[in-house]
K.L.:
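Supplied in structure tokens, the structure appears directly below.
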Amino acid sequence: MPELPEVETIVRDLRPEVVGRRFLRASLSHDDVLRGVSRRALLHGLAGARVLGLTRRAKHAVFSTDRRTLVVQPGMTGALLVTEAPLVREARQYAVLQVRMDDGRLLIYRDIRRLGTLLWLDQTSWDEYSLGIGPEPLDPAFTPRALGRALDGSRQAVKKVLMDQRRLAGVGNIYANEALFAARIDPSKEARRLTPADRARLHRELGRILRAAIAAEGTTFRDYVTGTGEPGSFQLELLVYGREGEPCRRCGTTLSGTHAIDARSTVFCHRCQR
DNA sequence: ACGAGGTCCTGCGAGC
DNA sequence: TGCTCGCAGGACCTCG
């Protein structure tokens, strides 16, 4: 499930493949991934557009072009790939968007469950959209104080606040679970009740884990692949996510699981995280 | 403002 | 073996 490290990996892999390329013809297999743009406007807009840059914002891959900006949010099962060979059957079945480029290769957005979304925005709309997203946790400007501001005043569970894209960019269920375990914070603790020491540890561990996950090219549980089609390897380093009922790597206590926070699977050590 | 719950979407694994 | 059902969940929505 592409969160910040996964989308960062995809963007780094694809940037040299697409920047400077011109899009030729595009096709779309399903309309239900579009938000605020019609099939016709998207396909017509993409045809002939030159890619000026590819960046990441939160969990979005952002293709800026000499026309509008193509924003891809992979959701649960989305993947972006560049391919030269014709698509094999499995790949073709889930290829939602296919864009022929001027070097003959295809840029593919593949999404099995289609919980991902595609946007086609002008500069002003993209700026506004981006302003509605919280700070980037790997930005040098994201200090412990900035994390404090994201958590301040919220009576919600700290885990839910970490995953709230309006407050903080790019953190989803996997990395929220992992960061809270590493920082030894109970995921259900009210965000506003974190002590300064809690916040300092959470800031440090969140940054450390996101960087380590990028170095590992992301976490592959099911469908996620990098921009080159390879699985990531951070699943080998997960300490709590997916480990409910298994022993805590720190103290050996059986890890607990709950769906009480925002109906998302939460795994934690009730002994280490208080 | 907050929590709870529904919606989208499909593959997968459990259970019968 | 073949079926149904619940679950996975990011973002967004409505309701109370």
Side-chain angles (χ1 to χ4, degrees), chain A residues 1-8 10 28-37 39 56-62 71-80 89-97 109-119 121 125-126 128-134 136-137 149-180 187-193 210 213 218-225 231-232 235 238 240-245 257-268:
Chain A
M1 44 209 77
E3 302 182 26
L4 186 156
E6 288 75 29
V7 179
E8 180 67 27
I10 289 168
L28 186 75
S29 69
H30 292 79
D31 290 354
D32 52 13
V33 296
L34 302 181
R35 294 289 180 280
V37 61
R39 155 194 296 265
R56 179 193 58 77
R57 171 76 171 112
K59 304 172 190 174
H60 307 77
V62 184
V71 181
V72 178
Q73 189 199 66
M76 273 289 293
T77 56
L80 281 162
R89 184 156 49 90
E90 191 271 346
R92 192 165 50 228
Q93 182 180 359
Y94 299 117
V96 177
L97 179 70
Y109 175 60
R110 189 192 80 180
D111 192 344
I112 294 173
R113 294 183 211 173
R114 297 200 309 282
L115 290 177
T117 53
L118 303 179
L119 311 173
L121 301 172
S125 300
W126 166 243
E128 283 173 14
Y129 185 97
S130 184
L131 278 173
I133 305 173
E136 287 287 335
R149 280 195 295 273
L151 301 173
D152 262 347
S154 176
R155 305 168 69 159
Q156 301 191 62
V158 58
K159 176 164 178 269
K160 181 169 175 166
V161 176
L162 286 182
M163 294 169 61
D164 184 341
Q165 299 302 297
R166 293 166 300 184
R167 289 180 174 266
L168 184 61
V171 177
N173 199 35
I174 293 176
Y175 298 107
N177 274 301
E178 294 298 315
L180 288 165
S188 65
K189 189 169 185 172
E190 270 186 35
R192 61 177 185 167
R193 299 226 182 275
L210 292 175
T219 299
T220 295
F221 247 73
R222 272 194 180 156
D223 306 290
Y224 163 72
V225 289
Q235 64 276 13
L238 297 177
V240 287
Y241 183 83
R243 298 193 63 246
E244 177 182 352
T258 176
H259 285 82
I261 303 169
D262 207 25
R264 295 288 180 271
S265 71
T266 298
V267 184
F268 64 104

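Chain letters run A, B, ... following the sequence lines, proteins first and then strands; every chain starts at 1.
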K.L.:
Measure from the side chain of A/Asn173, starting at C-beta and using heavy atoms only, and say which of B/dG3, C/dA8, C/dG10 lies closest.
P.N.:
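Of B/dG3, C/dA8, C/dG10, C/dG10 is nearest to the side chain of A/Asn173.
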K.L.:
What I'd like to find out is whether the side chain of A/Val225 reaches to under 4.5 Å of the side chain of A/Arg110, using heavy atoms alone.
P.N.:
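SC-SC contact between A/Val225 and A/Arg110 confirmed.
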K.L.:
Rounded to whole angstroms, how far apart are CD1 on A/Ile133 and C1' on C/dG10?
P.N.:
13 Å
K.L.:
If you assign each of A/Arg35 and A/His259 to its closest nucleotide in DNA chain C, which residue comes earlier from the 5' end?
P.N.:
A/His259
K.L.:
Please report the distance, rounded to the nearest Å, between CD1 in A/Ile261 and P in B/dA4.
P.N.:
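Going from A/Ile261 (CD1) to B/dA4 (P), I get 11 Å.
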K.L.:
Return the value, rounded to whole Å, for the distance between atom CZ of A/Arg155 and atom P of B/dG3.
P.N.:
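Taking atom P of B/dG3 as the reference, CZ of A/Arg155 is at 8 Å.
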K.L.:
Is there a side-chain contact between A/Tyr94 and the phosphate of B/dG11, meaning an N or O under 4.0 Å from OP1 or OP2?
P.N.:
yes
K.L.:
Among residues at least two apart in sequence or on other chains, which ones pass side chain to side chain contact (heavy atoms under 4.5 Å, CB included) with A/Met163?
P.N.:
A/Lys159, A/Asn173, A/Ala176, A/Arg264
K.L.:
Which of residues 157-167 of chain A sit near DNA chain C, with a heavy atom under 4.0 Å from it?
P.N.:
A/Met163, A/Gln165
K.L.:
Restricting to nitrogen or oxygen on both sides, can you table the protein-nucleotides 6-9 of chain B pairs closer than 3.5 Å?
P.N.:
residue, atom, partner, partner atom, Å
B/dC9, OP1, A/Asp32, OD2, 2.9
B/dC9, O4', A/Arg113, O, 3.4
B/dC9, O3', A/Arg114, NH2, 3.1

K.L.:
Can you tell if the side chain of A/Leu28 reaches within under 4.5 Å of the side chain of A/Leu118, non-hydrogen atoms only?
P.N.:
yes
K.L.:
Going by atom types only, do A/Thr117 and A/Arg35 share a side-chain donor-acceptor pair under 3.5 Å?
P.N.:
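Not at all, the side chains of A/Thr117 and A/Arg35 share no donor-acceptor pair under 3.5 Å.
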K.L.:
Answer yes or no: is there a donor N or O on one side and an acceptor on the other, between the side chain of A/Thr77 and the main chain of A/Asp223, under 3.5 Å?
P.N.:
no
K.L.:
C/dA11 phosphate, OP1 or OP2: any side-chain N/O from A/Gln73 under 4.0 angstrom?
P.N.:
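Yes, A/Gln73 has a side-chain N/O under 4.0 Å of OP1/OP2 on C/dA11.
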K.L.:
Minimum heavy-atom separation for A/Thr220 and A/Gln235, please, with both atom names.
P.N.:
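Heavy atoms of A/Thr220 and A/Gln235 come nearest at N-OE1, 2.9 Å.
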K.L.:
With a 4.0 Å cut-off on heavy atoms, is A/Thr77 in touch with a base, just the backbone sugar-phosphate, or nothing at all?
P.N.:
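Nothing: the residue A/Thr77, judged by heavy atoms under 4.0 Å, touches no strand.
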K.L.:
Do the side chain of A/Glu3 and the main chain of A/Lys59 share a donor and acceptor less than 3.5 angstrom apart?
P.N.:
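No; judged by distance alone, with no hydrogens or angles, the pair does not exist.
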K.L.:
Going by atom types only, do A/Tyr175 and A/Glu6 share a side-chain donor-acceptor pair under 3.5 Å?
P.N.:
yes
K.L.:
Could you tell me how far apart A/Gln156 (CD) and B/dG3 (C1') are, to the nearest whole angstrom?
P.N.:
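So the two atoms are 8 Å apart, to the nearest Å.
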K.L.:
More than 12 non-hydrogen atoms from neighbouring residues, nucleotides or ligands closer than 6.0 Å to CZ on A/Arg155, yes or no?
P.N.:
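Counting neighbours around CZ of A/Arg155, 12 or fewer heavy atoms of other residues, nucleotides or ligands fall under 6.0 Å, so no.
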K.L.:
Would you mind classifying the nucleic acid contact of A/Tyr241 as base, sugar-phosphate or nothing, using non-hydrogen atoms under 4.0 angstrom?
P.N.:
sugar-phosphate
K.L.:
Report the residue (A/Asp262 or A/Gly153) whose heavy-atom-nearest nucleotide on DNA chain B is the more 5′ of the two.
P.N.:
A/Gly153
K.L.:
Take atom CG of A/Leu168 and atom C1' of C/dA11, then tell me their distance rounded to the nearest Å.
P.N.:
16 Å
